[in-house]
Amino acid sequence: MPSTSCILGAVEFCLKRNSSVFNEKLYLQIRCTSMGPKNASSDADLAMGEIDKNAKFDGPLKPSQWWRYSDDIFDLFLR
């Protein structure tokens, strides 16, 4: 397994080199993560893991259905 510092270094590398091209102009995103780059899905998976756990198991209301694909969630609460 990679060390914590290795993982943090890789995440920092991806976040600081998050660029895209639009109308032949290069843009560097300096905050958050857009959903266009290849690493965005991995970022969403990492960020949503704890949220998924808390929402499904730790909250007072439990969803009867919960589906997540990358950064999209469908949840259904029934009485």
Side-chain angles (χ1 to χ4, degrees):
M1 292 298 296
S3 68
T4 301
S5 63
C6 177
I7 293 170
L8 290 174
V11 169
E12 182 180 12
F13 179 88
C14 290
L15 291 175
K16 288 188 175 179
R17 288 157 181 83
N18 187 12
S19 60
S20 60
V21 176
F22 180 73
N23 281 344
E24 300 180 13
K25 291 184 181 179
L26 180 65
Y27 293 89
L28 176 64
Q29 185 162 346
I30 57 173
R31 289 190 309 248
C32 303
T33 300
S34 65
M35 293 313 294
K38 294 178 182 179
N39 66 306
S41 184
S42 297
D43 292 350
D45 289 340
L46 289 170
M48 293 303 297
E50 188 68 19
I51 294 170
D52 282 355
K53 183 184 86 59
N54 291 340
K56 289 190 285 187
F57 303 116
D58 296 341
L61 297 173
K62 308 285 189 260
S64 60
Q65 298 291 323
W66 180 278
W67 297 294
R68 181 168 71 83
Y69 178 76
S70 192
D71 64 322
D72 298 317
I73 294 175
F74 174 83
D75 52 0
L76 184 60
F77 292 85
L78 300 175
R79 291 182 183 206

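A quick note: this is a predicted structure, and the numbers were derived from the prediction, not measured.
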Side chain to side chain contact (heavy atoms under 4.5 Å, CB included) partners of [X], counting only residues at least two apart:
X     : value
Phe13 : Arg17
Ser5  : Ser3
Asp58 : Lys53, Asn54
Gln65 : Trp67, Leu76

Quiz prompt | Non-neighbouring partners of Glu12 that pass salt bridge (Lys or Arg N to Asp or Glu O under 4.0 Å), sequence neighbours left out | solution =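 Per chain and number, Glu12 pairs via salt bridge (Lys or Arg N to Asp or Glu O under 4.0 Å) with Lys16.
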
Quiz item: If you group Ile, Leu, Val, Met, Phe, Trp and Tyr whenever their side-chain heavy atoms sit less than 4.5 Å apart, what else falls in with Val21?
Solution: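 Joined to Val21, directly or through intermediates: Leu26.
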
